[in-house]
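Both backbone and side-chain heavy atoms feed into the values below; hydrogens, waters and symmetry mates do not. The first residue in the sequence is number 1, and the count goes up from there.
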Amino acid sequence: MTRAEYIRLKDLEVFVGKNASWINCDLNQGPLYNQPYPILKATDNGVELKQIEWGYIPEESKWPFLKSREELARWRFMYTTLNATCEGLFINEKGKTSMYAGAAQYRRCLVPSTGYWEWRHIKQIGKSGKILKDPIKIPYHLVVKEYQENHPFYMAGLWGTWVSEETGEVVENFTIVTTVANELSANVHNAKKRMPTILKEDLAYEWLFGKLSKDDIMDMAKIQYPTDEMDAWTVAKNFLSALNPRDKFEYPGLPPLGSDEPFNPYQTLSFF
């Protein structure tokens, strides 16, 4: 069996088997923090699939005052750790050792997904015909064309373990690595122009099991999935609570991706 076949087949029947209903995450379950999501971790015996908390928590040596859930909640209000930028895995923007450095070197994981959502910011024309001050945000669903609903692709992730000194609660947690957006993702996520680092099977295997140098890890973390192998479509603004959040939803007057034209929801059609 090749490495690609291994990562695709090893224990992945869990995703499509009758007993895998727990892997379907309810989008409308409150804040993203504190919610369990599935990840793949390397073990001595192969691969472990488990649900752990999304939102990385640094090691006690870095933030020794995080002793309780209340302190953690306050810290998370100030710092966003759902995602870790590829540029800051080892050295942060202040030039110091990153909180993710140890995880990037020793605790890498894969985050399976069948698609993700991003918001496109676009200028909007109001009822008066003038461009409004604040842009409108339109949600999109992005997918890898090769994969279907029951066949996930893999995003690079990092995991850690936090223990509440107050209660003894043990919390495994993770973050998703992001890179500079490819053309499609940049046109959708046009405010920050980032996207998750999506790895094809052979690289996913290396990310999970490989004994990688820092340079190897950085090179892999910066990978952009090819634009022509991805797709994106608009979804309803209430997709978080929708029965089928992936369903396409049309916005009349919305310019195509890549256009600088403003969104005009009040345009009328002329017939000759």
Ignoring hydrogens and angles, tell me if any N or O in the side chain of [X] forms a donor-acceptor pair with the backbone of [Y] under 3.5 Å.
{"X": "Trp159", "Y": "Ile52", "answer": "no"}
{"X": "Arg120", "Y": "Ile138", "answer": "no"}
{"X": "Thr175", "Y": "Gly55", "answer": "no"}
{"X": "Asn173", "Y": "Glu53", "answer": "no"}
{"X": "Arg107", "Y": "Ala104", "answer": "no"}
{"X": "Ser98", "Y": "Phe90", "answer": "no"}
{"X": "Ser164", "Y": "Lys67", "answer": "yes"}
{"X": "Trp207", "Y": "Cys109", "answer": "yes"}
{"X": "Glu172", "Y": "Trp162", "answer": "no"}

How far apart are the closest heavy atoms of [X] and [Y], and which atoms are they?
{"X": "Pro262", "Y": "Pro255", "answer": "O-CG, 3.4 Å"}
{"X": "Glu261", "Y": "Ser259", "answer": "N-OG, 3.1 Å"}
{"X": "Pro36", "Y": "Gln51", "answer": "CB-CB, 4.0 Å"}
{"X": "Val143", "Y": "Thr114", "answer": "CG1-O, 3.7 Å"}
{"X": "Pro112", "Y": "Ile39", "answer": "CD-CA, 3.9 Å"}
{"X": "Met220", "Y": "Thr197", "answer": "O-CG2, 3.5 Å"}

Return the [atom1] to [atom2] distance between [X] and [Y], rounded to the nearest 0.5 Å.
{"X": "Tyr266", "Y": "Asn264", "atom1": "OH", "atom2": "CG", "answer": "9.0 Å"}
{"X": "Met155", "Y": "Ile176", "atom1": "CE", "atom2": "CD1", "answer": "4.0 Å"}
{"X": "Asn92", "Y": "Tyr100", "atom1": "CG", "atom2": "OH", "answer": "10.5 Å"}

Determine whether [X] and [Y] fall in the same hydrophobic cluster, where Ile, Leu, Val, Met, Phe, Trp and Tyr are linked whenever their side-chain heavy atoms lie under 4.5 Å apart.
{"X": "Ile223", "Y": "Leu40", "value": "yes"}
{"X": "Leu82", "Y": "Ile198", "value": "yes"}
{"X": "Val144", "Y": "Leu257", "value": "yes"}
{"X": "Phe263", "Y": "Ile125", "value": "no"}
{"X": "Phe209", "Y": "Met218", "value": "yes"}

Apply side-chain contact (heavy atoms from CB on, under 4.5 Å) to the pair Leu158 and Leu89, showing each step before the final yes or no.
CA-CA 10 Å; Leu158 311 173; Leu89 291 187; 3.9 Å; yes
Flag the pair [X] / [Y] as yes when at least one side-chain heavy-atom distance between them is below 4.5 Å, and no otherwise.
{"X": "Trp117", "Y": "Arg246", "value": "yes"}
{"X": "Leu49", "Y": "Pro38", "value": "yes"}
{"X": "Gln124", "Y": "Pro265", "value": "yes"}
{"X": "Arg69", "Y": "Val171", "value": "yes"}
{"X": "Gln105", "Y": "Ile217", "value": "yes"}
{"X": "Glu166", "Y": "Glu70", "value": "yes"}
{"X": "Leu142", "Y": "Ser185", "value": "yes"}
{"X": "Lys192", "Y": "Thr178", "value": "no"}

Residues in side-chain hydrogen bond (donor to acceptor under 3.5 Å, both in side chains) contact with Glu183, at least two apart in sequence or another chain:
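By the side-chain hydrogen bond (donor to acceptor under 3.5 Å, both in side chains) rule, Glu183 matches no residue at all.
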In chain order, what residues pass the side-chain hydrogen bond (donor to acceptor under 3.5 Å, both in side chains) check against Glu165, with sequence neighbours excluded?
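Scan of Glu165 (side-chain hydrogen bond (donor to acceptor under 3.5 Å, both in side chains), adjacent residues dropped) gives none.
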Using 30° and 60° as the class boundaries, would you call the ring planes of Phe174 and Trp54 parallel, tilted or perpendicular?
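Parallel.
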Aromatic plane relationship, Phe153 with Tyr116 - under 30° parallel, 30 to 60° tilted, over 60° perpendicular:
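Ring orientation of Tyr116 relative to Phe153: perpendicular.
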The test is side-chain contact (heavy atoms from CB on, under 4.5 Å); show your working for Leu212 and Arg108 and say whether it passes.
CA-CA 11 Å; Leu212 306 176; Arg108 298 183 298 274; 3.8 Å; yes
Using ring pair (Phe, Tyr, Trp, His ring centres under 6.0 Å) as the criterion, list what pairs up with Trp75, not counting sequence neighbours.
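Partners of Trp75 by the ring pair (Phe, Tyr, Trp, His ring centres under 6.0 Å) criterion, ordered by chain and then number, come out as Trp63, Tyr79.
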side-chain hydrogen bond (donor to acceptor under 3.5 Å, both in side chains): pairs with one or both residues in residues 224-238, sequence neighbours excluded:
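Passing the test, one end in residues 224-238: Lys200-Glu229.
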Show, in sequence, the C-alpha distance, side-chain angles and deciding distance for Thr179 and Met195, and conclude whether the side-chain contact (heavy atoms from CB on, under 4.5 Å) test is met.
CA-CA 6 Å; Thr179 186; Met195 68 179 294; 3.7 Å; yes
Using side-chain contact (heavy atoms from CB on, under 4.5 Å), reason through Val170 and Thr161 one step at a time and then give a plain yes or no.
CA-CA 7 Å; Val170 179; Thr161 301; 3.6 Å; yes
Is it the case that over 12 heavy atoms from other parts of the model lie below 6.0 angstrom from the NZ atom of Lys41?
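Counting other residues, nucleotides and ligands, NZ of Lys41 exceeds 12 neighbours.
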Contacts of type salt bridge (charged side-chain N to carboxylate O under 4.0 Å, His left out), residue Arg194, not counting sequence neighbours
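Residues passing salt bridge (charged side-chain N to carboxylate O under 4.0 Å, His left out) with Arg194: Glu87.
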Pairing residues for Phe249 by the side chain to side chain contact (heavy atoms under 4.5 Å, CB included) criterion, not counting sequence neighbours:
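Listed in chain order: Ala236, Tyr251.
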